[in-house]
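Order of appearance sets the numbers: ligands from 1, and atoms from 1 within every ligand. For clarity, every value in this text was computed on a predicted model and none was experimentally measured.
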Amino acid sequence: MTTSFIPPKRILMGPGPSDVPQRILDAMARPTIGHLDPAFVDLMEQIKAMLRMAFQTENALTFPVSAPGSAGMEMCFVNLVEPGDKVIVCRNGVFGGRMLENVKRCGGVPVVVDDAWGAAVDPQKVRDAFKANPDAKMLAFVHAETSTGAQSDAEALGKIAQEFGALTIMDCVTSLGGTPLYMDKWGIDAVYSGSQKCLSCTPGLSPVSFSERAIARIKARTTVVQSWFLDLNLVLGYWQSAGKRTYHHTAPINPMYGLHEALVILEEEGLENAWARHRAMHEKLKAGLEGMGLNYVVEASARLPQLNSIYVPEGVDEAAVRARLLNEFNLEIGAGLGDMSGKIWRIGLMGYSAKQENVDYCLKALKTCLP
Ligand SMILES: *Cc1c(COP(=O)(O)O)cnc(C)c1O
C-alpha cells in the first residue's frame, strides 16, 4: 500500500520556492472554513491591505490570484492587451520572453526590445522604441529577472512609458519583499508577483495590483477577455465588493492563511528592513563566493541581492555539483536556464532563506564540492 509522503528536509537556496518558516506552515494547517464565511472575507481584506503595503500602492484592486505567478502574468496580459494593441516588450531573460509570448497569444503586436541576458533593460532603447512606435499602448518588462539575476531600473522605465502615454505591466515575482519596489511612486499600472519567492510562502498564489488607469483600460475593452478564469470583470465580484461577494471560484483557503501569515511576518519585520536584510546577506554571500574565486554574471550596479548568479568554473560539471549539494548537504541551488544552462548557478537569498546561517552553510558546502 502507498504510504504518506514525507518530504526530505531541504535548505532552499535556488530561484524559488524559498524556505517556508514553520509559522507559515502552522498557519496553513489550521482548520479550513468556507470561502464565503465572514471570517474568511475578513482575512481577504487583511491580505489586500498588507499587499498594498508590500507593493507600496494605494490601488484598491490589489489581491492574490488563486494560482502561481504565471497566472498573475496571464491575468495582466489577457485583461490589458486587446487584439491589435501594440506593446513594447523588454526581453533580457526567460521571463521577458514569456511576456512576449503572452502579448502574441492575446493578439497584440509586440515590439521587442532585446538586451543581453545578465544585463538590465536599457532605458534608452525603450525610449527609442516608443519614438519609433508612438502608437504603442503598453510597456512590459521584468523588474527582477530571476533567470539571470539582473535588476532593471523600474522607475526610469515607468517614467518613459508615462511620457508616451502608455501603461506599464511589470513582473515583480522575485522583487516583491526582497528589493525596493514602489508601484505608485514609479507609476506602474499593473504588477504581478508570487508567494514563494521573497515572501517565503508556499507556491501557488500570485499577488497582483492594478491602477485606476489600468482598470479604465479594461472597462473600455471592445472585446471580451478570452480567459474566463482570469477575466478581471468576473473576478472582481469575488475579491472586490465587500458585503455582497459573489461566487466565482473557491479560493485556496489554507494557502491564503499562509500568505496572510507571510505578510504579517513582513509587516513585523518592516518592508525596508526586509529589503536591507536581503542586501546585507547578499554582501556576505558575495564576499564568500568571490573569496573562492567565483565570478558574478551580472555587473555590480544591476545585481539582484536575492538572486546571485555566478559562472561555473572551467572544467567543473555543474550538474554533478548541484546533485552533491542536494544529496550530501540537502541544499538546493538553481541551474542556468535557456542560453545559460550549464554555464551558471543561481543562488537564491529569498525571504526566510536570506539569513546568515544559510549563507555560511552554502559557502561551506560549495567549498567542499568544488575542486
Ligand atoms: C518564478 C517567476 C515567475 C513565475 O512564477 P510561478 O509561480 O513559477 O508561476 C515569473 N517571473 C519571474 C521573474 C519569476 O522569477
Side-chain angles (χ1 to χ4, degrees), residues 12-20 51 54-55 63-78 89-103 105 115 117-121 140-154 157 168-179 181 183 188 190-209 227 229-230 252 255-256 258-259 262 278 297-298 302-309 332-338 340-341 344-351 353-354:
L12 302 179
M13 296 183 74
S18 52
D19 282 341
V20 180
L51 283 178
F55 282 126
F63 68 99
V65 179
S66 303
S70 304
M73 169 176 70
E74 295 237 12
M75 177 173 272
C76 289
F77 285 94
V78 296
V89 187
C90 306
R91 181 173 55 181
N92 61 337
V94 167
F95 294 102
R98 290 187 177 183
M99 286 180 138
L100 172 61
E101 188 62 29
N102 270 260
V103 171
R105 287 179 187 223
D115 274 293
W117 283 43
V121 172
F141 69 92
V142 180
H143 187 203
E145 204 14 292
T146 324
S147 63
T148 66
Q151 171 160 239
S152 290
D153 186 345
L157 296 172
T168 302
I169 300 177
M170 178 166 90
D171 174 325
C172 32
V173 176
T174 283
S175 54
L176 184 69
T179 206
L181 162 57
M183 181 178 186
I188 311 294
V191 295
Y192 57 91
S193 189
S195 47
Q196 79 277 28
K197 309 232 173 168
C198 295
L199 295 181
S200 265
C201 188
T202 52
L205 291 171
S206 177
V208 295
S209 183
S227 163
F229 184 65
L230 297 171
M256 224 64 104
L259 179 60
H278 283 88
V297 174
V298 178
R303 242 171 241 166
L304 273 171
Q306 62 272 53
L307 199 285
N308 295 258
S309 50
E332 179 180 283
I333 67 168
L337 293 179
M340 290 186 154
S341 165
I344 68 167
W345 286 310
R346 293 180 300 151
I347 303 178
L349 286 171
M350 299 183 180
S353 296

Is there a heavy atom of [X] sitting under 4.0 angstrom from any atom of ligand 1?
X	result
Ala144	yes
Gln196	yes
Lys197	yes

Are the side chains of [X] and [Y] in touch, meaning some heavy atoms are under 4.5 Å apart?
X	Y	result
Thr146	Arg346	yes
Met340	Val297	yes
Pro203	Pro68	no

Starting from [atom], find the nearest protein heavy-atom neighbour and note its residue, name and distance.
atom	value
atom 3 (C) of ligand 1	Phe95 CE2, 3.4 Å
atom 11 (N) of ligand 1	Asp171 OD2, 2.6 Å
atom 4 (C) of ligand 1	Ser70 OG, 3.7 Å

Q. Quick one: which ligand 1 atoms are inside 4.0 Å of a heavy atom on Thr174?
A.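 What qualifies from ligand 1 is 15 (O).
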
Q.
Only heavy atoms of Gly69, strictly under 4.0 Å: list the atoms of ligand 1 that pass.
A.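 Listed by number with element, the hits are 5 (O), 6 (P), 7 (O), 9 (O).
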
[X] side-chain N/O to [Y] backbone N/O, donor-acceptor pair under 3.5 Å:
X	Y	result
Ser206	Ser193	yes
Asn92	Ala119	yes
Ser309	Thr148	yes

Report yes if some N/O of [X] lies less than 3.5 Å from some N/O of ligand 1; otherwise report no.
X	answer
Thr146	yes
Val173	no
Glu145	no

Q) Any side-chain donor paired with an acceptor under 3.5 Å for Ser18 and Ser200? A)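 On atom types as modelled, these side chains qualify, holding a pair under 3.5 Å.
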
Q. Do Ser227 and Glu74 meet the criterion of a side-chain donor-acceptor pair at a distance under 3.5 Å?
A. no

